[in-house]
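First up is the structure itself, then whatever we jot down about it.
Quick note on labels: first sequence line is chain A, next is B, and so on, each numbered from 1.
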Amino acid sequence: GENVEQHPSTLSVQEGDSAVIKCTYSDSASNYFPWYKQELGKRPQLIIDIRSNVGEKKDQRIAVTLNKTAKHFSLHITETQPEDSAVYFCAASAPSGSARQLTFGSGTQLTVLP
Amino acid sequence: ETGVTQTPRHLVMGMTNKKSLKCEQHLGHNAMYWYKQSAKKPLELMFVYNFKEQTENNSVPSRFSPECPNSSHLFLHLHTLQPEDSALYLCASSQVQGGAGELFFGEGSRLTVL
């Protein structure tokens, strides 16, 4: 089955700096890579996703890059703000005609210092 | 009420008790999921229901018993649990076929087994 590894487990940055979180996956058939943000005591929420037919996707201060050959993808947050502090999870799944089965990374605790 | 709602939000039970977690989605989705979230570990997929039919049971112990009476409701029946089962149990839903496949999570049920 799929295996997703995520690094680093914790990340502290100064407000205004950039943050990068990296994930690798093992199943070359995986074609969908979402990122979820989970604030303390809250539900995980999708912040951005990418499919394997594109290499990069951007939404305001958040961007995700995908390298299919190397089987890794990364989340980039620019101009970080204190409200970006949360746990971020990457995930991967292969094509399926039925319910999507995501394999999650272990999470990165991002702290943005004011 | 919109989105995915879970009850109860917190539950404390002894190892000999029987309790149930409830999940309801108001998004018109046709797939529902149970995930287990433990500290320092990735989100673990437990059960998947696609069009009310269980499609996956990821080697979950029989002391966890899911029930999906219709595409909007999902239950997790608990009996004779162990202390290591203490965790946050997250329900999610998604739209299979025709949707983006994004998972929408509930706020979770925090379970403590004494």
Side-chain angles (χ1 to χ4, degrees), chain A residues 1-10 21-27 29-54 57 59 64 86-109, chain B residues 2-7 9-10 23 25 27 29-60 66 68 71 74 88-110:
Chain A
E2 176 67 276
N3 182 48
V4 176
E5 298 204 356
Q6 183 172 345
H7 300 280
S9 57
T10 60
I21 302 171
K22 299 182 179 182
C23 289
T24 60
Y25 61 99
S26 61
D27 187 352
S30 288
N31 69 341
Y32 176 65
F33 308 91
W35 287 87
Y36 283 80
K37 174 183 179 182
Q38 187 176 27
E39 297 177 23
L40 188 63
K42 300 286 186 66
R43 72 188 77 198
Q45 291 190 290
L46 179 74
I47 55 171
I48 195 167
D49 58 14
I50 192 167
R51 297 176 192 274
S52 59
N53 57 344
V54 298
K57 183 176 178 181
D59 182 5
V64 58
V87 178
Y88 292 81
F89 294 95
C90 64
S93 77
S96 172
S98 62
R100 185 173 294 285
Q101 302 202 29
L102 293 174
T103 300
F104 284 85
S106 54
T108 297
Q109 173 68 64
Chain B
T2 58
V4 181
T5 56
Q6 290 186 241
T7 55
R9 294 292 311 279
H10 299 274
C23 176
Q25 60 96 1
L27 300 168
H29 290 165
N30 50 25
M32 296 188 77
Y33 313 74
W34 279 116
Y35 278 88
K36 177 183 179 181
Q37 186 173 32
S38 305
K40 308 294 183 183
K41 294 178 69 175
L43 284 156
E44 300 172 61
L45 179 63
M46 300 175 71
F47 300 104
V48 181
Y49 278 83
N50 185 7
F51 296 98
K52 299 188 301 175
E53 298 297 321
Q54 183 176 319
T55 59
E56 285 297 323
N57 172 349
N58 284 3
S59 303
V60 180
C68 188
S71 58
L74 184 64
L88 181 68
Y89 289 84
L90 290 162
C91 173
S93 70
S94 71
Q95 181 63 27
V96 176
Q97 295 170 355
E102 174 186 352
L103 259 61
F104 289 79
F105 285 92
E107 297 279 8
S109 293
R110 173 72 60 186

Proximal component of L88(B), with respect to chain A [non-hydrogen, under 4.5 Å]
side chain
Are there residues of residues 41-48 of chain A whose heavy atoms fall under 4.5 Å of chain B's heavy atoms? If so, which?
G41(A), K42(A), R43(A), P44(A), L46(A)
With only heavy atoms counted, which part of L45(B) is less than 4.5 Å from chain A, the side chain, the backbone, both or neither?
side chain
Can you tell me which portion of Q6(B) sits under 4.5 Å from chain A's heavy atoms? Options are side chain, backbone, both or neither.
neither
Kindly say whether P8(A) contributes a backbone atom to a donor-acceptor pair with the side chain of T108(A) at under 3.5 angstrom?
yes
Side chain of Y36(A), backbone of L103(B): donor and acceptor closer than 3.5 Å?
yes
Looking at every non-hydrogen atom in both residues, tell me the closest pair between H29(B) and S94(B) and how far apart they are.
CB-O, 3.0 Å
State which residues pass side chain to side chain contact (heavy atoms under 4.5 Å, CB included) with A92(A); sequence neighbours excluded, sorted by chain then number.
E2(A), V4(A), Y25(A), S30(A), F33(A)
Where Y32(A) and E102(B) come nearest, the two heavy atoms and their spacing:
OH-CA, 4.1 Å
Would you give the length of the straight line joining atom NZ of K41(B) to atom OG of S106(A), rounded to the nearest 0.5 angstrom?
11.5 Å
Among the options S93(A), G107(A), G105(A), pick out the one with the most heavy-atom pairs lying under 4.5 Å from chain B.
G105(A)
Do Q38(A) and F105(B) have side chains that get closer than 4.5 Å, going by heavy atoms?
no
Could you check whether any side-chain heavy atom of F104(A) comes within less than 4.5 Å of a side-chain heavy atom of Q37(B), counting everything from C-beta outward?
no
